[in-house]
Amino acid sequence: MRTMVFLLLFFPALCSASGVLQAWFAPPPAGSNMVSLVLRNTGDDDINIVEYTLPWLMKDGKLMNSAVMQLTTQDGRSVGYRGAFHEPDLSDPERFVTIKPGGEKRYDADMSVNYDIAPGQLYQVSSVMRMKYLDRALARYPDRSNVVLRSLYRIAAATPAVFVAAPVACPDTVAGEGC
């Protein structure tokens, strides 16, 4: 009993709350190529994910950062990326996306807009860049210098998903012509 009281008094971090990040790719519903990166906090404190380790989408649906996810064929070959190539600003590590306990965020990306996919083919979507995150509310870090925060990052990767590509609608083509 004395040992437990000693631990609680002098090492409260051992008993403190923390966020727990679960991440996975959800395959698209039938007839769609829209894959979702799902992030869920199953812990009892905020998690703060470094923004540049998450997908960014432009208004036209193209990904702005190819380093977040990759698409491979059934035999493991990389699929050609058609999204934008944008280098994130790494000078500001304090740009976070916060997920409260029990909360969830989804990032949807149409694979047919961002990759050279063929209908009926089997693909796997997986993480390239590991997500960096803090497993406690930012207010619990009194010293938020870059060096301190970076030393406390936890790393997570999303569980991959497999899907069969759906036919792609081509609204700008004449009937009978290819996309």
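- By the rule that hydrophobic residues join a cluster once side-chain heavy atoms approach within less than 4.5 Å of another member, V113 and M64 end up as members of separate clusters.
- Taking CD1 of I47 as the reference point, atom NZ of K100 lies at 11.5 Å (rounded to 0.5 Å).
- D135 is linked by a salt bridge (charged side-chain N to carboxylate O under 4.0 Å, His left out) to R154, counting only residues two or more places apart in sequence or in another chain.
- Here the straight-line distance linking atom CG of L63 with atom CG of D110 works out to 9.5 Å at 0.5 Å rounding.
- In terms of heavy-atom proximity, A158 sits nearest to S127 at N-OG, 3.0 Å.
- Not a single side-chain hydrogen bond (donor to acceptor under 3.5 Å, both in side chains) links K62 to another residue, sequence neighbours left out.
- With sequence neighbours excluded, the residues that form a side chain to side chain contact (heavy atoms under 4.5 Å, CB included) with Q74 are L122.
- A pairwise comparison of heavy atoms in A109 and L57 identifies CB-CD2, 4.3 Å as the closest pair.
- In this view, T98 and N48 satisfy the side-chain hydrogen bond (donor to acceptor under 3.5 Å, both in side chains) rule, not counting sequence neighbours.
- Contact of the Q124 side chain with the F25 side chain is not registered, since no non-hydrogen atoms from C-beta on lie closer than 4.5 Å.
- The closest donor-acceptor contact from the side chain of S126 to the backbone of P160 lies at 3.5 Å or more, if one exists at all.
- Here the side chains of F96 and V50 are in contact, with some heavy-atom distance below 4.5 Å.
- In this structure, F163 and Y123 have tilted ring planes: the angle between them lies in the 30° to 60° band.
- Of all heavy-atom pairs between Q70 and V128, the closest is CB-CG2, 3.3 Å.
- Of the inter-residue distances, the one linking T73 atom OG1 with I117 atom CD1 reads 12.5 Å to the nearest 0.5 angstrom.
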N/O donor to acceptor pairs below 3.5 angstrom from side-chain atoms of residues 33-40, sequence neighbours left out:
{"from": "N33", "atom 1": "OD1", "to": "A166", "atom 2": "N", "distance (Å)": "2.8"}
{"from": "N33", "atom 1": "ND2", "to": "A166", "atom 2": "O", "distance (Å)": "3.1"}
{"from": "S36", "atom 1": "OG", "to": "R106", "atom 2": "NH2", "distance (Å)": "3.3"}
{"from": "S36", "atom 1": "OG", "to": "D108", "atom 2": "OD1", "distance (Å)": "2.4"}
{"from": "R40", "atom 1": "NE", "to": "E104", "atom 2": "OE1", "distance (Å)": "2.8"}
{"from": "R40", "atom 1": "NH2", "to": "E104", "atom 2": "OE1", "distance (Å)": "2.5"}

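- Scanning for salt bridge (charged side-chain N to carboxylate O under 4.0 Å, His left out) contacts around D75 gives R77, with sequence neighbours left out.
- To the nearest 0.5 angstrom, E51 atom CD is 6.0 Å from W56 atom CH2.
- Residues that satisfy the side chain to side chain contact (heavy atoms under 4.5 Å, CB included) test with P101, not counting sequence neighbours, are N41, D46.
- Cluster membership for V125 and Y81, using ILVMFWY side-chain heavy atoms within less than 4.5 angstrom, is shared.
- Residue pairs meeting the salt bridge (charged side-chain N to carboxylate O under 4.0 Å, His left out) criterion with at least one partner in residues 115-125, sequence neighbours excluded, are R82-D116.
- The CG atom of L54 lies 12.0 Å from the NZ atom of K132; values are rounded to the nearest 0.5 Å.
- Within the 3.5 Å criterion, the main-chain N or O of A161 finds no donor-acceptor partner in the side chain of W24.
- Under the 4.5 Å side-chain heavy-atom criterion for ILVMFWY residues, a single connected hydrophobic cluster contains both V97 and Y133.
- With sequence neighbours left out, the salt bridge (charged side-chain N to carboxylate O under 4.0 Å, His left out) criterion links K105 to no other residue.
- Every residue two or more places apart in sequence or in another chain that forms a side chain to side chain contact (heavy atoms under 4.5 Å, CB included) with V148 is listed here: D143, S145, L152.
- Counting only heavy atoms from C-beta outward, the side chains of Y153 and R130 never approach each other to under 4.5 Å.
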